[in-house]
Protein chains: 2
Amino acid sequence: MNHSKKYSSDCGLNKVQKMVGGKWKLSLLWYISEETRRFGEIKRVFPDITQSMLTKQLRELESDGLLHRKIYKEVPPRVEYSLTKLGQRFVPILHSMSEWGESNLE
Amino acid sequence: MNHSKKYSSDCGLNKVQKMVGGKWKLSLLWYISEETRRFGEIKRVFPDITQSMLTKQLRELESDGLLHRKIYKEVPPRVEYSLTKLGQRFVPILHSMSEWGESNLE
DNA sequence: CGGTATCCTTGTGGATACTG
DNA sequence: CAGTATCCACAAGGATACCG
């Protein structure tokens, strides 16, 4: 990597920020990392996210390759979210961030 | 921590996001982590950030306790930014994120 | 050199109603 | 149950001009 790109918008760091920078994404990843979750389950645990927002953020995480979305063709419908390999490799970072954050709650 | 707060807006994870979620903050922290930097130096390395934006983001990082701002009462004025202890403890996370990001540039 | 002050644009998040 | 579709508010980001 040459120096002109070292801090540019296409470096790894900024890429990460774009992928997990959404208001709820870190928490969502954390929650889904614990185990596979259904949409309604997530919705219940995060009552402050509107349903449309939740769908949007989950879809963004999916299209960024962090989440897998599995649709069961049943009635009533059922959708489960789980981490991809990429998402799983992000979990340790998630833990570090949480720990760092907790350690300095004033 | 009780369950109702586990994923709430005041958990460590969301705190981290608020602190380093600004568009340029991760890169700024990285750059300043390498060594103490002068304002003009930062400005030159990040030509896409306007000066007012740069000041704003640096001040936010400062008031969140990540950066230290040292003013030398000289003419011409001189201001140096460096990481605080808290900021230094964030550097490993910064590295993990960068590595994770670089490892999946498509 | 290292800022402020002011104003403006955009992106992100959200409310609400409707649906296969 | 798990979504879409619209429309909207506001905060974050940015351009520009001036200053100690």
Side-chain angles (χ1 to χ4, degrees), chain A residues 7-10 13-29 31-32 35-64 66-82, chain B residues 7-11 13-29 31-32 36-64 66-82:
Chain A
Y7 304 105
S8 75
S9 58
D10 58 348
L13 222 41
N14 285 315
K15 208 148 199 166
V16 175
Q17 193 179 36
K18 283 169 195 157
M19 291 170 79
V20 300
K23 184 169 177 184
W24 307 96
K25 286 183 183 173
L26 294 181
S27 297
L28 286 172
L29 286 173
Y31 182 60
I32 295 166
E35 55 181 298
T36 296
R37 305 286 189 182
R38 293 189 58 169
F39 183 84
E41 200 177 1
I42 302 171
K43 201 176 124 189
R44 250 174 288 116
V45 174
F46 297 89
D48 292 345
I49 320 183
T50 61
Q51 185 164 331
S52 55
M53 225 17 238
L54 182 55
T55 300
K56 196 172 144 198
Q57 304 254 324
L58 288 171
R59 293 296 168 83
E60 286 173 9
L61 288 169
E62 186 197 8
S63 77
D64 282 333
L66 286 157
L67 288 186
H68 178 66
R69 179 163 168 265
K70 178 160 187 183
I71 303 157
Y72 293 85
K73 295 203 179 300
E74 305 169 355
V75 178
R78 175 178 171 199
V79 178
E80 286 184 352
Y81 292 88
S82 55
Chain B
Y7 305 104
S8 76
S9 59
D10 59 347
C11 74
L13 223 40
N14 284 316
K15 208 147 198 168
V16 175
Q17 193 179 36
K18 281 170 195 155
M19 290 170 80
V20 301
K23 184 169 175 183
W24 306 96
K25 286 182 181 173
L26 293 181
S27 297
L28 286 172
L29 285 172
Y31 182 60
I32 294 167
T36 295
R37 305 286 190 181
R38 294 188 57 170
F39 182 84
E41 200 176 2
I42 302 171
K43 200 177 125 190
R44 251 174 288 116
V45 175
F46 297 89
D48 292 345
I49 320 183
T50 61
Q51 185 164 328
S52 53
M53 226 15 238
L54 181 56
T55 299
K56 197 172 145 199
Q57 304 255 322
L58 289 171
R59 293 296 168 83
E60 286 173 9
L61 288 169
E62 186 197 6
S63 78
D64 282 332
L66 286 157
L67 289 185
H68 179 66
R69 179 162 168 265
K70 178 159 188 183
I71 302 157
Y72 293 85
K73 295 201 179 298
E74 306 169 353
V75 177
R78 176 179 171 197
V79 179
E80 287 184 352
Y81 293 88
S82 56

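Protein chains get the first letters and strands the later ones, always in sequence-line order, with residue 1 at the start of each.
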Interatomic distance where NZ belongs to A:Lys18 and C1' belongs to D:dG13 [whole Å]
14 Å

What is the distance, rounded to the nearest whole Å, between atom NZ of B:Lys73 and atom C1' of D:dG20?
12 Å

Applied to residues 68-79 of chain A, the salt bridge (charged side-chain N to carboxylate O under 4.0 Å, His left out) test, sequence neighbours excluded, yields A:Glu74-A:Arg78, A:Arg78-A:Glu80

Per-nt protein contacts along nucleotides 4-20 of chain C (heavy atom under 4.0 Å; B base, S backbone sugar-phosphate only, - none) come out as BB-------BSBB---B

Take atom NZ of B:Lys43 and atom P of D:dA15, then tell me their distance rounded to the nearest Å.
13 Å

To the nearest angstrom, how far is A:Glu74 atom CD from D:dC1 atom C1'?
11 Å

With sequence neighbours excluded, tell me which residues meet side chain to side chain contact (heavy atoms under 4.5 Å, CB included) with B:Ser82.
B:Thr36, B:His68

Please list, chain by chain and in numerical order, all residues satisfying side chain to side chain contact (heavy atoms under 4.5 Å, CB included) with A:Lys43, sequence neighbours excluded.
A:Phe39, A:Gln51, A:Leu54

Quickly work out the B:Leu28 CG to D:dG13 C1' distance and round it to whole Å.
14 Å

With a non-hydrogen cut-off below 4.0 angstrom, is B:Tyr81 in contact with a base, only sugar-phosphate, or nothing?
sugar-phosphate

Just wondering, do B:Ile49 and B:Gln57 contact through their side chains at under 4.5 Å, heavy atoms?
no

For atom CG of B:Leu54 and atom C1' of C:dG2, their distance in whole Å:
10 Å

Starting at atom CZ of B:Arg78, determine the distance to atom P of D:dG20, rounded to an integer number of angstrom.
24 Å

For residues 50-62 of chain B, which residue pairs pass the salt bridge (charged side-chain N to carboxylate O under 4.0 Å, His left out) check, not counting sequence neighbours?
B:Lys25-B:Glu60

Would you say D:dC1 has OP1 or OP2 under 4.0 Å from some side-chain N or O of A:Arg38?
no

Using the side chain to side chain contact (heavy atoms under 4.5 Å, CB included) criterion, which residues pair with B:Thr50? Sequence neighbours excluded.
B:Ser52, B:Met53

